[in-house]
Amino acid sequence: MRKKQTSETFLLSAIISLSGGFQDAYTYNLRDKVFANAQTGNIVLMSQHIMTGEWVEGLHYLMPVLAFAIGIIVAEQLSYRFRRSQKMHWRQMVVLLEIIILSVVAFIPTSHNMLANALVSLACAMQVQSFRKVNGYPYASTMCIGNLRSGTDSFSVFLRNHEIGALKKAMHYYGIIFIFAIGAGVGGILSLKLGIRSILISSGILFIAFIMMMKKHLAVK
């Protein structure tokens with residue numbers, strides 16, 4: 001039986017998802033109605049603006065999509081190059097880098113929202129690429145549609161076969177969605193009250209995850 005990693009526990013997954021929801025609300029409320037995580041929405045809005053001749057507006061939605069793709073590449077490269085690192089697990093490196101990026105975003109003025117959105121999307125992509133399982137179940141920490149499909153699929157299996165394991169799996173997915181929604185709600189309220197610096201709260205949430213992973217790493221050593 002494979003030993004469960006700290007990055008796959010429900011608690012750490014919930015903390016990561018809480019931060020993901022916060023980031024989406026932040027960019028939507030304060031950075032030109034752009035989604036940090038939901039690239040499907042960005043692609044829809046980008047295409048709409050471009051096809052109506054609004055090229056500049058379309059670019060606002062294109063940049064996060066490209067940054068998201070780059071973030072996936074960065075995380076994948078880190079996982080490969082530092083997969084045997086003894087000093088720090090590569091996922092800890094990703095979280096630390098994400099904290100730094102989001103902290104930088106806090107000081108980017110609204111006149112440079114395109115850059116801010118690109119950086120947040122870059123960080124989100126690194127997160128979703130690095131944290132892909134909760135208690136062994138594949139999930140996404142920065143978006144809900146896949147989790148909703150998987151959770152409801154498992155719940156349907158439970159309704160048909162009364163398998164407790166299927167219900168447990170469904171509850172994992174619904175729990176992550178609930179935590180993400182809390183992060184989005186809190187992020188929406190605090191971003192409007194505190195302004196662009198509020199993204200530092202998301203950095204603080206991720207710092208908790210970083211410390212949790214660090215303690216586990218030291219305990220293993």
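Under the side-chain contact (heavy atoms from CB on, under 4.5 Å) criterion, Leu159 pairs with Phe155, not counting sequence neighbours. Applying the side-chain hydrogen bond (donor to acceptor under 3.5 Å, both in side chains) test to Gln129 and every residue at least two apart in sequence or in another chain returns nothing.
Thr152 contributes no side-chain N or O that, together with a main-chain N or O of Arg149, makes up a donor-acceptor pair within less than 3.5 Å. Judged purely by atom type and a 3.5 angstrom limit, Ser191 uses its side chain to pair as donor or acceptor with the backbone of Gly188. The main-chain N or O of Ala36 is found under 3.5 Å from a side-chain atom of Gln39 such that the two form a donor-acceptor pair. At distances below 3.5 Å, not a single donor-acceptor pair connects side-chain atoms of Glu163 with backbone N or O atoms of Val157. Without hydrogens or angle criteria, Tyr173 side chain to Pro138 main chain gives a donor-acceptor distance under 3.5 Å. No donor-acceptor distance shorter than 3.5 angstrom exists from the side chain of Arg31 to the backbone of Asn113, with no hydrogens or angles considered. Here the side chain of Ser47 pairs no donor or acceptor atom with the backbone of Val44 at under 3.5 angstrom.
Here the options are Tyr28, Tyr26, Phe68, the test is ring-ring contact (aromatic ring centres under 6.0 Å, His included), and the partner is Phe35; only Tyr28 passes.
Separating the CD atom in Gln92 from the CD1 atom in Ile211 is a distance of 9.0 Å, to the nearest 0.5 Å. To the nearest 0.5 Å, atom CG of residue Leu30 and atom CD1 of residue Ile199 are 9.0 Å apart. With rounding to the nearest 0.5 angstrom, the CD1 atom of Ile176 is 12.5 Å from the OH atom of Tyr137.
Between Thr27 and Gln23 there is no side-chain heavy-atom pair separated by less than 4.5 Å.
Within a 6.0 Å sphere centred on CZ of Phe207, heavy atoms belonging to other residues, nucleotides or ligands number 12 at most. More than 12 heavy atoms of other shown residues, nucleotides or ligands fall within 6.0 angstrom of atom CZ in Arg197. More than 12 heavy atoms of other shown residues, nucleotides or ligands fall within 6.0 angstrom of atom NZ in Lys33.
Of all heavy-atom pairs spanning Tyr139 and Ser17, the tightest one is CE1-OG, 3.8 Å. Of all heavy-atom pairs spanning Ile99 and Ser203, the tightest one is O-OG, 3.4 Å.
Through chains of ILVMFWY side-chain contacts below 4.5 Å, Val34 is grouped with Ile43, Leu45, Met46, Ile50, Trp55, Leu59, Tyr61, Leu62, Met63, Val65, Leu66, Met114.
When only modelled atom types and interatomic distance are considered, Gln48 and Thr52 share no side-chain donor-acceptor pair under 3.5 Å.
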